[in-house]
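Contents: one structure, followed by commentary.
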Amino acid sequence: MNEIQNPILPGFNPDPSIVRVGEDYYIATSTFEWYPGVQIHQSRDLANWRLATRPLTRATQLDMRGDPDSGGIWAPCLTHADGLFWLIYTDVKRRDGAWKDSHNYLVTAPAIEGPWSDPVYLNSSGFDPSLFHDEDGRKWLVNMIWDHRQQGGDKFGGIVCQEYSVAEKRLVGEVRNIYRGTDHKLTEGPHLYRRDGYYWLLTAEGGTGYEHAVTMARARDLFGPYETDPEKHLLTSKDAPEAYLQRAGHADIVETQTGEYYLVHLCSRPLDATRGAAPGRVVGIHEEDARRSPLGRETAIQKLVWEPGEFPRLAHGGCVPAPTAPAPDLPAHPFASGTGHTEFMPGALPPEFQWLRTPDSARLFSLDARPGALRLFGREAPGSHFEHALIARRQTDIAYAAETEIDYAPETYQQFAGLIVWYNGFKFHYLAVTAGNAGQRQLTVLSCPADWPMLRMEQPLATPIDLPATGVIRLGSDVDGMTLRFRYAVEGGDWIDLGIALDQSAISDEAGNGPGNNFTGAFIGMAAHDTSGRGLHADFLQFHYEPR
């Protein structure tokens with residue numbers, strides 16, 4: 001293995017925090033409103049990764065009911081010290097307007113698989129908290145601080161530092177603002193390191209869009225003053241609009257057991273058809289004035305050169321991220337890859353799937369109610385911030401096909417279930433089985449192509465398609481870059497293309513004009529809705545995802 005192909009964690013996997021424990025490497029990434037909280041991947045060669053765990057699995061650790069779209073878990077930090085894994089995370093309860101309610105917590109575990117402790121509350125002064133274990137054994141929390149008094153978009157008040165007492169399980173002592181960033185502004189995502197007699201402070205700047213960047217500063221004393229890297233940005237794509245990896249920022253550094261240094265960072269891959277467009281937001285789906293990245297913000301890796309006493313530099317030169325990175329001097333360690341085909345069995349949900357917000361999963365689904373089926377209980381409408389029966393996996397490929405089988409007997413048009421392509425409550429395409437005015441079973445398409453604040457629900461089919469009164473219905477989707485096509489088949493029948501093309505680029509961070517930025521990525525999965533309140537269930541007999 002000579003090179004690592006980027007991104008190393010494709011699909012929605014932003015804000016990476018990396019740690020090495022012996023021969024194992026772990027990356028924690030943000031999950032926002034998706035449950036369970038925080039994704040942790042494992043590798044032994046920095047090229048091949050597997051999903052190891054999602055540690056926030058119970059209500060005492062995380063309850064996101066009511067959290068807004070792109071709220072919830074922001075920017076976790078994973079470290080290891082004193083024989084424990086330490087995981088810091090934020091639960092964002094409000095993210096629009098002048099204020100942000102961002103509550104920061106700490107959990108620990110003796111092993112990556114757990115058991116993970118109940119949380120210790122830390123503070124709510126800002127987001128992107130990070131725990132630094134100093135050489136003398138003391139521990140320090142750093143986070144950006146939110147200053148609601150500031151006008152305009154830059155309410156980022158700098159990076160604050162406060163000691164954490166292990167004995168008292170709380171923050172103690174003075175809160176000090178140690179770094180206010182550069183004129184690129186929006187300073188966040190701090191990580192501290194100790195090396196060569198310096199404290200090195202890595203930050204993200206410029207916002208998480210196309211001006212994103214990584215900036216490093218250093219100081220002899222923990223509390224500063226910090227000297228910013230004379231080159232200013234260690235990593236950015238902001239001046240390279242044609243670079244393969246865009247929005248490069250929010251990074252973390254790891255040293256291998258052989259003394260090499262690597263930087264993991266957030267990035268995105270705009271669709272080729274939108275790559276040359278100017279960054280910006282769009283109101284409608286037909287405007288071509290913005291780059292679009294349905295896979296969301298992903299994680300990539302770059303090799304560093306870090307000479308003693310010098311600021312680190314990208315090994316390939318410059319500051320623009322590369323599509324590949326030189327592999328470390330480690331044996332290749334691939335993991336067994338799945339087939340993409342899921343047969344539902346009693347017990348736990350297959351690891352590639354997640355749901356939204358609530359820790360009370362039994363209210364949404366069951367794998368035990370019917371052998372060989374995932375039963376979803378119809379709950380609130382698409383976009384509900386409380387009980388939303390939607391089970392989905394990440395889109396990890398620019399082109400893919402997905403299929404499922406549904407056994408469902410709706411009685412009213414207020415009951416609908418099927419295959420859904422989802423970003424959030426204002427960005428989705430939904431191939432749904434429902435009922436007509438006379439109670440007959442029908443197939444329809446519901447589409448919300450990135451419109452806000454008015455939910456512009458479209459029904460692209462001229463008329464719903466009548467279905468047999470009973471029997472399993474197969475539902476399929478085919479995505480190729482910007483285009484999504486739905487298909488269906490009745491029991492024993494061939495696939496039928498619906499003859500409509502939907503805008504898959506609308507299922508992306510950049511599409512629409514919703515409140516603030518959007519931070520997740522496209523998902524594909526199964527959903528059941530019952531706005532009558534009767535809770536009618538739908539049974540899904542299998543799910544298949546295949547890259548094309």
Side-chain angles (χ1 to χ4, degrees), residues 9-17 27-41 51-59 61-76 78 87 89-93 95 102-103 105 107 116 127 208 266 268 293-299 342 348-365 374 376 379-380 382-396 402 420-428 430 507-509 514 517-528 543 545:
L9 302 181
F12 160 51
N13 278 289
D15 310 322
S17 170
I27 290 179
T29 53
S30 301
T31 43
F32 293 87
E33 65 264 37
W34 290 92
Y35 210 95
V38 180
Q39 291 218 125
I40 298 179
H41 284 81
L51 180 62
T53 188
R54 294 191 189 101
L56 306 181
T57 60
R58 57 188 187 271
Q61 296 171 320
L62 182 65
D63 187 343
M64 297 184 290
R65 284 174 290 191
D67 285 12
D69 288 338
S70 289
I73 296 295
W74 285 21
L78 181 66
L87 179 67
Y89 62 96
T90 304
D91 180 9
V92 176
K93 298 297 185 184
R95 54 176 295 262
S102 51
H103 307 312
Y105 301 93
V107 292
W116 288 89
F127 47 86
T208 195
L266 174 159
S268 75
S293 309
L295 274 66
R297 300 174 306 150
E298 307 172 283
T299 287
T342 301
L349 193 68
E352 61 268 30
F353 291 98
Q354 288 181 274
W355 64 95
L356 291 166
R357 292 182 175 84
T358 179
D360 189 7
S361 62
R363 291 274 301 164
L364 305 184
F365 66 90
L374 169 66
L376 295 187
R379 295 302 180 211
E380 295 172 343
S384 167
H385 290 175
F386 292 88
E387 287 196 335
H388 188 181
L390 190 159
I391 304 294
R393 56 152 293 159
R394 286 156 176 75
Q395 176 184 345
T396 53
I420 195 163
V421 175
W422 181 264
Y423 187 96
N424 62 26
F426 298 98
K427 306 178 190 183
F428 62 86
Y430 192 180
I507 314 301
S508 66
D509 294 9
N517 293 318
N518 296 291
F519 301 135
T520 59
F523 281 69
I524 173 74
M526 301 148 286
F543 188 88
Y545 176 96

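From a predicted model like this one, the values you see are computed outputs, not experimental measurements. Positions are given from 1, in the same order as the sequence printed here. Only this structure's heavy atoms are used, side chains among them; waters, hydrogens and symmetry mates stay out.
Atoms CD and CD, on Gln39 and Gln354 in that order, are 5.0 Å from each other to the nearest 0.5 Å. The distance from atom CG of Leu374 to atom CZ of Phe543, rounded to the nearest 0.5 Å, is 10.5 Å. To the nearest 0.5 angstrom, His388 atom NE2 is 12.5 Å from Thr358 atom OG1. We find the OH-OG1 distance between Tyr423 and Thr520 to be 3.5 Å, quoted to the nearest 0.5 Å. Glu380 contributes atom CD, which lies 12.0 Å from atom CG of Leu356 (distance to the nearest 0.5 angstrom). Considering CE of Met526 and CG of Leu390, their distance stands at 8.5 Å, rounded to 0.5 Å.
Between Pro68 and Arg95 the shortest heavy-atom distance is CG-CG, 3.7 Å. Closest non-hydrogen pair, Val38 versus Thr31, comes out as N-OG1, 2.7 Å. Looking at every heavy atom in both residues, Ile73 comes nearest to Gly37 through CG1-CA, 4.3 Å. Contact detail for Gly296 and Asp509: the closest heavy-atom pair is CA-OD1, 3.8 Å. In plain terms, the two heavy atoms of Ala389 and Leu376 that are nearest each other are O-CD1, 3.9 Å. When all heavy atoms of Pro14 and Phe519 are compared, the closest pair comes out as CG-O, 4.3 Å.
Ser268 places none of its side-chain heavy atoms less than 4.5 Å from the side chain of Leu295. Residues Pro382 and Phe428 form a side-chain contact, since some pair of their non-hydrogen atoms from C-beta on lies under 4.5 Å apart.
Looking only at distances, no side-chain donor or acceptor of Gln395 sits under 3.5 Å from a matching main-chain atom of Phe523. At least one donor-acceptor pair closer than 3.5 Å links the side chain of Arg379 to the backbone N or O of Arg363. A donor-acceptor distance shorter than 3.5 angstrom exists from the side chain of Tyr35 to the backbone of Arg58, with no hydrogens or angles considered. Thr299 places no side-chain N or O within donor-acceptor distance of the main-chain N or O of Leu9, the cut-off being under 3.5 Å. Formation of a donor-acceptor pair under 3.5 Å by the Ser384 side chain with backbone atoms of Phe386 is found in this model. A distance-only check finds a donor-acceptor pair linking the side chain of Ser30 to the backbone of Ala75 [under 3.5 Å].
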Working for side chain to side chain contact (heavy atoms under 4.5 Å, CB included), residues Ser102 and Trp74: CA-CA 9 Å; Ser102 51; Trp74 285 21; over 6 Å; no
Item to complete: Just do the side chain to side chain contact (heavy atoms under 4.5 Å, CB included) check on Asn13 and Glu298 with the steps written out, would you?
Response: CA-CA 5 Å; Asn13 278 289; Glu298 307 172 283; 5.6 Å; no
- Query: For Tyr105 and Leu62, what are the C-alpha separation, side-chain angles and deciding distance, and is it a side chain to side chain contact (heavy atoms under 4.5 Å, CB included)?
  - Reply: CA-CA 10 Å; Tyr105 301 93; Leu62 182 65; over 6 Å; no
Item to complete: Step by step, work out the salt bridge (Lys or Arg N to Asp or Glu O under 4.0 Å) result for Asp69 and Arg357.
Response: CA-CA 10 Å; Asp69 288 338; Arg357 292 182 175 84; 2.9 Å; yes
Margin query: Between Asp15 and Arg297, is the salt bridge (Lys or Arg N to Asp or Glu O under 4.0 Å) condition met? List the steps.
Written below: CA-CA 8 Å; Asp15 310 322; Arg297 300 174 306 150; 3.6 Å; yes
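Aromatic ring orientation, Phe32 versus Phe12: tilted (interplanar angle from 30° to 60°).
Looking at residues two or more places apart in sequence or on another chain, you find no side chain to side chain donor-acceptor pair (under 3.5 Å) involving Gln61.
A cation-pi contact links Arg393 to Tyr545, judged by a cut-off of 6.0 Å to the six-membered ring centre and 45° from its axis.
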